[in-house]
Amino acid sequence: MREEIAQSDSFSTEGCTSAPVLSVDTRFRLGHALRTIYEDSVDRQPIPDSQVDLLLRLRHKERDRQRGSI
């Protein structure tokens with residue numbers, strides 16, 4: 001059963017004869033470990049102005065769409 005899940009969840013890589021297969025559990029544990037490692041360093045860094053501007057533009061577009069649908 002686990003093998004079926006791992007095969008259905010594997011990433012497809014075009015042009016490769018064999019692709020690495022990670023089970024759902026392995027991907028979960030890997031993701032958790034990476035979040036734990038980078039969580040503190042990312043939380044301490046400020047958001048760059050370019051990303052703040054992008055977020056503000058997105059927010060304005062969302063508001064405009066909501067106003068248009070009312």
Side-chain angles (χ1 to χ4, degrees):
M1 179 73 174
R2 269 208 181 288
E3 189 173 314
E4 290 173 6
I5 293 171
Q7 287 177 355
S8 67
D9 289 343
S10 66
F11 299 105
S12 69
T13 55
E14 292 182 29
C16 283
T17 56
S18 65
V21 178
L22 299 175
S23 69
V24 174
D25 183 53
T26 301
R27 284 189 289 170
F28 176 79
R29 288 186 290 131
L30 181 59
H32 180 70
L34 289 171
R35 278 190 295 278
T36 301
I37 292 168
Y38 290 106
E39 187 173 39
D40 289 335
S41 64
V42 171
D43 286 343
R44 293 181 193 160
Q45 295 178 4
I47 299 173
D49 290 339
S50 61
Q51 290 183 358
V52 171
D53 291 339
L54 182 64
L55 290 169
L56 288 173
R57 288 194 327 247
L58 177 63
R59 181 68 172 171
H60 289 296
K61 283 191 179 214
E62 287 175 341
R63 284 185 189 164
D64 291 344
R65 283 187 179 181
Q66 286 178 352
R67 288 179 183 162
S69 65
I70 294 176

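Because the structure is predicted, anything quoted here is derived from the model rather than measured.
Atom CD1 of Ile37 is separated from atom NE2 of His32 by 10.0 Å, given to the nearest 0.5 angstrom. The CD atom of Gln66 sits 14.5 Å away from atom NZ of Lys61, with the distance rounded to the nearest 0.5 Å.
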message: If you apply the rule salt bridge (charged side-chain N to carboxylate O under 4.0 Å, His left out), what do you find for Arg29 with Asp25, and how did you get there?
response: CA-CA 6 Å; Arg29 288 186 290 131; Asp25 183 53; 3.2 Å; yes
message: I'd like to know whether His60 forms a side-chain contact (heavy atoms from CB on, under 4.5 Å) with Arg57, so could you lay out the CA-CA distance, the side-chain angles of the two residues, the decisive distance to 0.1 Å, and finally the verdict.
response: CA-CA 5 Å; His60 289 296; Arg57 288 194 327 247; 5.5 Å; no
query: Run the side-chain contact (heavy atoms from CB on, under 4.5 Å) check on Val52 and Leu56 step by step: do they pass?
result: CA-CA 6 Å; Val52 171; Leu56 288 173; 4.1 Å; yes
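For CG of Asp49, the number of neighbouring non-hydrogen atoms (other residues, nucleotides, ligands) closer than 6.0 Å is 12 at most.
Transitive grouping of hydrophobic side chains (ILVMFWY, heavy atoms separated by less than 4.5 Å) brings Leu30 and Tyr38 into a common cluster.
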